[in-house]
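Only one structure is covered here, and it is reproduced in the block below.
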Amino acid sequence: MFVFVLQILRFVISYSHMKNYDFESLNDEQKKALLETDGVVLVTAGAGSGKTRLLTHRICYLLEHGVSPYSILAITFTNKATNEMKERVKAMCNCNIWISTFHSMCVRILRENIDFLDGYNKNFTIIAEADRDKIIKDILKEHNLDDAEKDKVSTHLDNIKNKGLDIEEYFSALEEFQHNKDLKIYKRICEEYEEHLHKNNALDFDDLLNKTLFLFLNYRSVLHKYADRFQYILVDEFQDTNLVQYKLIRLMCSEHGNLFVVGDEDQCIYSWRGANFHNIFNLKKDFDNVKVFKLERNYRSTKNILKLANNVISNNHERLDKNLWTDKEDGEGPVVYSAFDERDEALFVAKTISDLISEGFSYDDFAVLMRVNALSRPLEEGMMAFGIPYKLYGGFKFYDRAEIRMILSYLSIFVNEKDEISLLKIINFPKRGIGDVAMQKLQEEAGQEMLLSYLLSERFKFSKYFPKLEKFVQNIRTLKEELGKISIFDFVKKVVRVFGIEEAYAGKDEEAINKLGNIDSLLAGVQEYEKDNEGATLSDYLAEVMLKTDTDQIQENGVVTLSTIHSVKGLEFRVVFVVGLEEGIFPLSRATYSNSEMEEERRLMYVAITRAEERIYLSYTAKRYMYGKSNFQAPSRFLSELGIVDKKRTKIVSNDFVQAEKKEVFDSGFMPGDIVSHARFGIGKILSISDDGLVADIDFHDIGKKSLMLNMAKLEKLEVEDE
């Protein structure tokens with residue numbers, strides 16, 4: 001009787017959470033997946049197929065059926081996705097669920113449990129990528145090695161951490177296969193890097209995952225606390241998990257076995273940072289009775305756009321069979337623009353946006369996507385020429401800017417007294433007459449004591465450097481007393497004022513104005529964070545901002561988005577431009593020699609196309625100035641794979657596609673059908689010439705078909721007598 005009453009009570013409580021939960025709004029495939037509440041469920045969800053809707057509805061469905069909010073964990077891959085899911089669940093279910101990215105989840109677990117690891121405490125610092133690079137360079141310098149070795153060391157560290165290995169076993173395995181004398185020194189540098197972080201109570205981004213995994217594997221009570229708590233675990237973007245993340249998921253669902261993952265191997269574009277879409281296939285091997293569902297209905301794009309996406313991704317072999325479809329209209333045909341050069345391409349993009357704005361589109365309806373950030377300069381100039389407001393993403397992150405990093409370093413020493421990485425950065429900023437030699441002497445004076453503890457000690461008053469640092473030390477003492485007694489916003493504002501950070505950037509030039517504007521923006525962000533996170537500490541804030549990315553704010557109102565493709569994954573725009581569709585740029589030249597890399601480039605193309613809702617524009621140039629020189633370009637192979645041009649990549653093959661008007665056409669004097677002679681290739685016949693007049697496909701008698709640039713190839717036209 002008691003159990004029955006308890007079940008009724010749970011139902012009443014859970015039902016009271018429901019506000020806007022509408023099961024009938026899901027399509028049939030989504031419903032089938034949703035209803036499988038127990039065991040392991042894999043949903044392969046194509047782009048724009050409503051996976052966020054499915055995940056949020058599943059959470060509400062579990063709540064409706066008596067599952068406690070405390071027992072549900074949802075893991076996403078971006079802060080933007082996390083916030084969106086939280087808002088949707090709150091609106092639909094009026095409930096707070098633990099929803100976070102992998103890294104944020106691990107920070108929370110480590111704050112509660114890192115004391116198990118000797119030498120660490122909950123106030124650990126999360127170091128930025130730039131700090132990691134500097135530490136490695138400093139260690140290389142100590143070993144009299146060149147900075148050029150940094151990339152090799154970084155690669156070893158990435159391999160170690162992405163696979164969840166320790167340094168010893170990683171290098172032992174390497175030494176079995178290669179007898180490289182450098183391996184010993186690389187191993188030592190990796191060890192010293194880890195020792196340096198340990199001494200500073202600091203973790204890099206990969207450590208957040210690895211230290212959590214270490215705790216789970218070596219302290220069963222820690223694992224049990226979370227594996228027992230989370231009866232149901234949901235994971236978004238499962239194709240982007242690396243090996244460590246996959247292991248974390250397996251361990252966390254080890255007690256209840258209820259795992260619901262949504263992924264799309266066609267959108268795995270982060271292999272370079274350890275993402276392994278094979279985890280989708282591994283799931284079916286590592287768990288019993290995995291139920292698989294497929295979402296192919298697209299709610300985002302028109303039929304013409306989906307046709308492009310399906311065409312290009314069908315050329316990949318390592319994928320599950322999916323074919324996106326929609327009941328939307330055909331929509332506008334894709335537009336292809338063959339530009340003369342990068343300036344011509346940029347002006348075409350800007351003019352098209354300007355024309356569409358006059359038709360009623362808004363600036364934030366547009367995204368201009370590029371494979372590499374190096375293409376951005378002419379595009380920015382094009383935007384400025386037409387007076388179009390824009391913002392560039394995929395470049396320098398806001399929290400990586402020097403003035404912002406400096407403030408964060410100041411804040412860090414108040415949270416983590418062991419953080420000498422930050423202390424050494426700020427001790428002579430603004431200038432206090434403490435150069436490299438003085439810093440080294442101070443560390444020698446401190447001996448085994450942490451440097452900050454030494455500076456705050458009585459014995460430092462006898463140092464010759466005390467007069468230079470007296471005010472600096474006194475300010476630290478005073479502010480330490482205020483930490484926790486005043487708001488985070490007031491504390492940060494005081495740090496900026498007391499240490500003279502704004503004065504250090506004073507000036508009337510544009511750079512100084514921008515830096516001061518960035519500081520104001522940081523302070524506004526602190527105020528907003530504190531408002532949204534009642535009871536949060538300075539330590540919480542620092543962890544939050546270290547995990548932020550510049551792309552969290554993409555699609556700001558009133559600006560066109562200029563971005564790398566990687567940065568817009570998960571977003572959608574009414575109109576998308578994909579620029580720089582040339583061999584060597586997109587796909588990158590290195591992918592030519594690797595099937596796996598070429599498939600990743602193709603997935604990037606698929607992601608770019610599926611960002612578009614209504615219209616898509618594709619452009620390439622005949623020549624492009626990059627990396628200090630001008631090169632003639634060949635159109636990307638993806639244009640033929642999309643079904644837009646034939647295999648010769650020279651002409652449009654379907655009336656569904658629109659060729660944009662050309663501004664300039666090169667007149668070589670040759671025509672298809674001409675017989676020509678080449679000094680190296682011999683005699684041949686011109687089969688076709690590209691629309692811009694620059695590229696000819698020629699069938700040479702001796703070697704077969706070749707494509708040549710008509711403005712460079714020294715061809716001689718041969719007169720052929722009529723028979």
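- For Tyr193 and Asp204, the side-chain atoms include at least one donor-acceptor pair closer than 3.5 Å.
- With sequence neighbours excluded, the residues that form a salt bridge (Lys or Arg N to Asp or Glu O under 4.0 Å) with Asp158 are Arg132.
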Exercise. Dump the intermediate steps for ring-ring contact (aromatic ring centres under 6.0 Å, His included) on Phe429 and Tyr505, then the final yes or no.
Key: CA-CA 11 Å; Phe429 183 88; Tyr505 293 113; 5.4 Å; yes

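- Ring geometry for His198 against Tyr120 counts as perpendicular: the plane angle is over 60°, on a 0 to 90° scale with 30° as the lower cut.
- Between Thr564 and Tyr393 the shortest side-chain heavy-atom distance does not fall below 4.5 Å.
- Neither side chain, Gln267 nor Glu265, offers a donor N or O lying under 3.5 Å from an acceptor on the other.
- Counting only distance, with no hydrogens or angles, the side chain of Ser154 and the backbone of Asp151 share no donor-acceptor pair below 3.5 Å.
- Between His278 and Phe281, the ring planes are tilted. Angles from 30° to 60° get that label.
- In the model, Asp540 has a side-chain atom that pairs as donor or acceptor with a side-chain atom of Thr537 under 3.5 Å.
- Rounded to the nearest 0.5 angstrom, Ser172 OG and Glu169 CD are separated by 8.5 Å.
- Between Arg188 and Glu192 there is a salt bridge, since at least one side-chain N of the basic residue sits less than 4.0 Å from a carboxylate O of the acidic one.
- Relative orientation of the Tyr410 and Phe472 rings is perpendicular, given thresholds of 30° and 60° on the angle between their planes.
- The pair Asp264-Lys51 fails the salt-bridge criterion, with no side-chain N (NZ, NE, NH1 or NH2) lying under 4.0 Å from an Asp/Glu carboxylate O.
- Between Glu255 and His224, the side chains place a donor N or O and an acceptor N or O closer than 3.5 Å (distance only, hydrogens not considered).
- Taking the side chain as every heavy atom from C-beta outward, Ser636 and Met605 never approach each other to under 4.5 Å.
- In this model, no donor atom of one side chain and acceptor atom of the other lie less than 3.5 Å apart for His143 and Glu149.
- Classified by interplanar angle (parallel below 30°, tilted 30° to 60°, perpendicular above 60°), the ring pair His156/Tyr186 is tilted.
- Checking side-chain atoms of Arg371 against main-chain N and O of Glu601 turns up no donor-acceptor pair under 3.5 Å.
- For the residue pair Lys418 and Asn121, no side-chain donor N or O sits within less than 3.5 Å of a side-chain acceptor on the partner.
- Using bins of under 30°, 30° to 60° and over 60° for the plane-to-plane angle, the ring pair Phe414/Phe499 lands in the tilted bin.
- Remark: the backbone N or O of Leu209 is not paired with any side-chain donor or acceptor of Gln245 at under 3.5 angstrom.
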Self-check item: Phe586 vs Phe638, ring-ring contact (aromatic ring centres under 6.0 Å, His included): CA-CA, chis, key distance, verdict
Solution: CA-CA 8 Å; Phe586 196 11; Phe638 295 152; 5.5 Å; yes

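- Between Lys161 and Glu194 there is a salt bridge, since a side-chain N of the basic residue sits under 4.0 Å from a carboxylate O of the acidic one.
- Note on ring orientation: taking the six-membered ring where Trp is involved, the planes of Tyr454 and Phe460 are perpendicular (angle over 60°, cut-offs 30° and 60°).
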Practice problem: Check step by step if salt bridge (charged side-chain N to carboxylate O under 4.0 Å, His left out) holds for Glu420 and Lys199. | Solution: CA-CA 9 Å; Glu420 288 190 2; Lys199 176 189 172 188; 3.8 Å; yes

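- Using a distance-only test at 3.5 Å, with no hydrogens or angles considered, no donor-acceptor pair links the side chain of Ser412 to the main chain of Leu408.
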